[in-house]
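We're numbering straight along the sequence, starting at 1.
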Amino acid sequence: MHRGKGMKFVGDSRIKAAGKMPNVPKDYSEYPGKTEAFWPNFLLKEWMVGSIFLIGYLIVTLAHPSPLERQADPTDTMYIPIPDWYFLFMYQLLKYEFASGPYNVIGAIVIPGLAFMALMLVPFMDTTKERRPFKRPLPTGFMILSFLAIFYLTWESVVNHDWEAAKVQGAIVEEVEFDTTAEGYEIYQGSSCIGCHGDSFQGGLGLPLTNTGLTADEIITIAHDGQGGMPAGTWDGSDEDLQVLAEFIEGLNTK
């Protein structure tokens with residue numbers, strides 16, 4: 001064999017191997033339907049799809065405005081706050097005895113921390129190249145367990161929450177001006193009514209007492225007999241005070 005015959009220098013970047021062609025098509029027409037120019041072809045399609053979704057979101061936003069509630073009142077101890085739907089499972093977790101009260105750190109930090117730690121460790125514990133779920137028992141089992149836990153806790157939180165009472169508690173009510181020196185308001189402050197209906201008649205555990213449309217006689221009847229979630233016999237004052245209070249509440253009707 002002659003010196004250098006059949007030898008090929010490939011270590012020097014200045015020398016190209018004979019017959020070596022760049023792995024790039026000459027033009028996009030060589031692979032129709034499989035590749036295209038990023039600009040402007042592909043990017044234009046992305047913009048069109050994004051614009052459709054954006055318009056859809058805007059329509060939904062206009063058709064269904066955000067369910068705003070009344071201004072937060074730190075003095076209202078009867079209001080029960082609730083997080084958005086994607087945190088309901090953690091909200092429900094904090095209701096259990098082993099994760100609430102003195103063990104609140106377990107439900108708020110320890111259990112979620114262990115779950116996220118396991119999620120981060122799954123890629124390192126399962127290094128197989130299999131893509132089929134039943135061939136990857138560890139990540140598949142963890143995914144199913146996480147889904148079932150989140151689904152169950154979210155479901156329990158939804159079905160056990162009094163949504164009607166929460167709607168009433170957070171409802172935006174029209175503020176009504178009243179005389180805080182009136183005898184009716186002084187009687188109201190000294191009664192048990194203020195605990196459920198708020199210091200400004202805005203409602204809380206009970207319904208708002210402004211713009212009820214009720215007459216004084218109807219208010220007296222409800223105070224004795226109860227209505228809805230209000231039990232009978234809650235008024236423990238005199239009939240004279242109840243008459244003054246009922247007339248005062250009737251005067252809060254502005255409509």
Side-chain angles (χ1 to χ4, degrees), residues 53-54 56-126 133 136-175 192-210 226-231 234:
F53 275 94
L54 178 60
Y57 291 146
L58 292 176
I59 293 175
V60 173
T61 302
L62 294 174
H64 301 280
S66 300
L68 300 178
E69 296 186 350
R70 60 183 172 86
Q71 187 175 359
D73 182 9
T75 64
D76 183 8
T77 59
M78 305 307 298
Y79 179 76
I80 302 176
I82 186 170
D84 289 321
W85 64 268
Y86 42 83
F87 283 133
L88 283 178
F89 69 97
M90 293 190 64
Y91 175 74
Q92 179 65 22
L93 182 63
L94 296 176
K95 295 180 182 179
Y96 297 119
E97 185 176 356
F98 65 87
S100 61
Y103 310 107
N104 192 41
V105 65
I106 296 178
I109 298 177
V110 176
I111 295 180
L114 290 175
F116 281 107
M117 183 68 68
L119 182 63
M120 290 188 293
L121 291 177
V122 165
F124 301 97
M125 293 186 292
D126 179 53
R136 306 181 66 191
L138 186 62
T140 302
F142 182 77
M143 180 194 67
I144 295 175
L145 179 62
S146 302
F147 174 78
L148 292 178
I150 293 175
F151 180 84
Y152 172 77
L153 292 174
T154 303
W155 176 266
E156 284 292 306
S157 180
V158 170
V159 299
N160 292 317
H161 186 73
D162 192 345
W163 296 98
E164 292 298 327
K167 183 178 181 180
V168 173
Q169 290 176 351
I172 299 176
V173 296
E174 182 181 357
E175 294 185 1
S192 59
C193 304
I194 195 172
C196 295
H197 298 283
D199 58 346
S200 300
F201 307 97
Q202 75 275 13
L205 186 61
L207 297 173
L209 296 181
T210 57
Q227 185 183 56
M230 177 180 173
T234 54

Trainee: Considering residues at least two apart in sequence or located in another chain, which fulfil the side-chain hydrogen bond (donor to acceptor under 3.5 Å, both in side chains) criterion with D126?
Mentor: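 D126 satisfies side-chain hydrogen bond (donor to acceptor under 3.5 Å, both in side chains) with R136 only.
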
Trainee: L114: which residues meet the side-chain contact (heavy atoms from CB on, under 4.5 Å) condition with it, sequence neighbours left out?
Mentor: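 Residues passing side-chain contact (heavy atoms from CB on, under 4.5 Å) with L114: V110.
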
Trainee: Tell me every residue that passes side-chain hydrogen bond (donor to acceptor under 3.5 Å, both in side chains) with E156, counting only those two or more places apart in sequence or in another chain.
Mentor: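 Partners of E156 by the side-chain hydrogen bond (donor to acceptor under 3.5 Å, both in side chains) criterion, ordered by chain and then number, come out as N160.
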
Trainee: Find out whether I82 and L88 are in side-chain contact, i.e. whether some heavy atom of one side chain is under 4.5 Å from a heavy atom of the other.
Mentor: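 Yes - at least one pair of side-chain heavy atoms lies under 4.5 Å apart.
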
Trainee: Show the nearest heavy-atom pair for residues F142 and A118, with the distance to one decimal.
Mentor: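 That would be CE1-CB, 3.5 Å.
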
Trainee: When rounded to the nearest 0.5 angstrom, what is the spacing between OG1 in T140 and CG in L145?
Mentor: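 Going from OG1 on T140 over to CG on L145, the span is 12.5 Å.
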
Trainee: Can you list every side-chain hydrogen bond (donor to acceptor under 3.5 Å, both in side chains) pair that touches residues 83-93, not counting sequence neighbours?
Mentor: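 Listed once each, the pairs are D84-Y86, Q92-K95, Q92-Y96.
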
Trainee: According to side-chain contact (heavy atoms from CB on, under 4.5 Å), who are the partners of F53, at least two apart in sequence or on a separate chain?
Mentor: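 Once residues adjacent in sequence are excluded, the partners of F53 under the side-chain contact (heavy atoms from CB on, under 4.5 Å) criterion are V49, Y57.
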
Trainee: Applying side-chain contact (heavy atoms from CB on, under 4.5 Å), name anything that partners F89, two or more places apart in sequence or on another chain.
Mentor: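 Here the qualifying residues are I150, L153, T154.
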
Trainee: Taking everything shown except M117 itself, do over 12 heavy atoms lie less than 6.0 Å from its CE?
Mentor: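 Count not over threshold, so no.
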
Trainee: Kindly give the heavy-atom pair with the smallest separation between G107 and A99, and that separation in Å.
Mentor: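 Looking at all heavy atoms of both residues, the shortest contact is CA-CB, 3.5 Å.
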
Trainee: Roughly how far, to the nearest 0.5 Å, is the OG atom of S146 from the CZ atom of F116?
Mentor: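 One gets 9.5 Å once the value is rounded to the nearest 0.5 Å.
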
